[in-house]
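Here's the structure, in structure tokens; my notes come after.
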Amino acid sequence: LADVGLLGLPNAGKSTFIRAVSAAKPKVADYPFTTLHPNLGVVRVDENKSFVIADVPGLIEGAADGAGLGIRFLKHLARTRLLLHIVDLAPPDPEADPVHDARAIVAELEKYSPELAAKPRWLILNKLDLIPEEEREERIAAFLKAYDHQDRWFGIAAISGDGCRPVVYAIYDALQSLTPPVTSEQEDET
């Protein structure tokens, strides 16, 4: 079981993020569905402080109904305490709409399980390094306003690790107050 689950569209940067913050080395490539199986990474915050992140294959619209690889891996996310929703803020397709894409992922969570959709979910706005520096703040502000996210968010460039350490420290602190999920073995005992 992992403490934190990564979710997002294929190529949002989930595997790159887990590589940046842990010793896990999942395959990273510039094509969709590079990740075919869940990858776990242990994130060390300090000598005796760590947590586990699960990187699952990217979700697509229809995942809760069996499209793509998503439905098999939504179960993994249900066992986590915190979700990190990785959003590509600089998609290569000029027609792509990061707000629409982020909402589509949340819709899949809601279709699959209201409990999963209700988990704490932080936004990780990734690939800021691909946005000209003078446009970053405006692009982030426009996304946040249009998306209307009510929880925490962080801006990062996972490829270089920029902004990842503050995310790691915030996750560790948050996990100290979040209740561990109930496993099926614990349910059987009640």
Side-chain angles (χ1 to χ4, degrees), residues 1-29 32-60 63-64 68-88 102 105-126 149 151-154 156 158-159 161 163-189:
L1 296 177
D3 299 299
V4 179
L6 301 180
L7 69 135
L9 288 177
N11 272 47
K14 297 175 301 299
S15 295
T16 305
F17 178 78
I18 202 170
R19 287 176 74 101
V21 300
S22 76
K25 298 297 177 212
K27 183 177 180 181
V28 173
F33 297 110
T34 307
T35 302
L36 297 174
H37 307 284
N39 292 298
L40 296 177
V42 175
V43 179
R44 301 237 176 264
V45 179
D46 207 341
E47 190 174 321
N48 296 315
K49 297 177 181 177
S50 65
F51 58 89
V52 178
I53 291 184
D55 169 26
V56 300
L59 300 177
I60 59 173
L69 301 170
I71 195 159
R72 289 189 290 173
F73 304 114
L74 285 165
K75 293 177 192 167
H76 291 286
L77 296 176
R79 294 180 175 178
T80 63
R81 296 189 281 164
L82 176 66
L83 300 174
L84 295 185
H85 185 166
I86 309 244
V87 176
D88 180 350
I105 295 296
V106 174
E108 291 306 315
L109 294 178
E110 290 168 347
K111 278 185 359 191
Y112 178 76
S113 161
E115 293 82 20
L116 179 56
K119 281 187 181 290
R121 184 175 36 84
W122 296 357
L123 279 178
I124 306 297
L125 305 178
N126 191 23
H149 184 66
D151 212 331
R152 294 186 76 173
W153 68 271
F154 296 85
I156 67 164
I159 193 80
C164 291
R165 289 317 292 175
V167 177
V168 165
Y169 294 129
I171 291 169
Y172 184 81
D173 290 343
L175 289 174
Q176 302 316 300
S177 61
L178 290 173
T179 309
V182 176
T183 64
S184 55
E185 293 82 27
Q186 289 170 322
E187 288 173 350
D188 293 342
E189 293 172 7

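Quick caveat, the model's predicted, so the values are computed rather than measured.
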Could you give the distance from CG (Asp88) to CG (Asn126), rounded to the nearest 0.5 Å? 6.5 Å
Does Leu83 reach the side chain of Leu116, with side-chain heavy atoms less than 4.5 Å apart? yes
Side chain to side chain contact (heavy atoms under 4.5 Å, CB included) for His85 and Val106? Distances and angles first, verdict last. CA-CA 9 Å; His85 185 166; Val106 174; 4.1 Å; yes
Separation between OG (Ser177) and CZ (Arg81), nearest 0.5 Å, reads 9.0 Å
Closest heavy-atom pair, Val4 versus Thr80, reported as atoms and distance to 0.1 Å, is C-CG2, 3.8 Å
To the closest 0.5 Å, what do you measure between CG (Asp55) and CG (Leu7)? 10.5 Å
What are the two closest non-hydrogen atoms of Leu9 and Lys14, and how far apart are they? O-NZ, 2.8 Å
Distance-minimising heavy-atom pair for Leu77 and Leu6: CD2-O, 3.8 Å
Over all heavy atoms of both residues, which pair between Val42 and Ser22 is shortest? Give the atoms and the distance, please. O-CB, 3.2 Å
Which heavy-atom pair separates Leu40 from Ile18 by the least distance, and what is that distance? C-CD1, 4.1 Å
What verdict does the side chain to side chain contact (heavy atoms under 4.5 Å, CB included) test give for Ile171 and Trp122, after you've listed the backbone C-alpha separation in whole Å, the side-chain angles of each residue and the deciding distance to 0.1 Å? CA-CA 10 Å; Ile171 291 169; Trp122 296 357; 3.7 Å; yes
For the CD1 atom of Ile124 and the CD1 atom of Ile86, what is their distance to the nearest 0.5 Å? 5.5 Å
Closest approach of Ala20 to Ala158 (non-hydrogen atoms, all atoms of both residues): CB-O, 3.6 Å
Does the pair Ile156 and Val167 meet the rule for a side chain to side chain contact (heavy atoms under 4.5 Å, CB included), with working shown? CA-CA 9 Å; Ile156 67 164; Val167 177; 4.0 Å; yes
Qualifying residues under side-chain contact (heavy atoms from CB on, under 4.5 Å), relative to Pro120, sequence neighbours excluded: Leu82, Asp151, Leu178
For atom CZ of Arg165, decide whether the heavy atoms of other residues, nucleotides or ligands shown that lie under 6.0 angstrom number more than 12. yes
Interatomic distance, CZ@Phe17 vs CD1@Ile53, rounded to 0.5 Å, equals 5.0 Å
Criterion side chain to side chain contact (heavy atoms under 4.5 Å, CB included) on Asp46 and Tyr172, from CA distance to verdict: CA-CA 10 Å; Asp46 207 341; Tyr172 184 81; over 6 Å; no
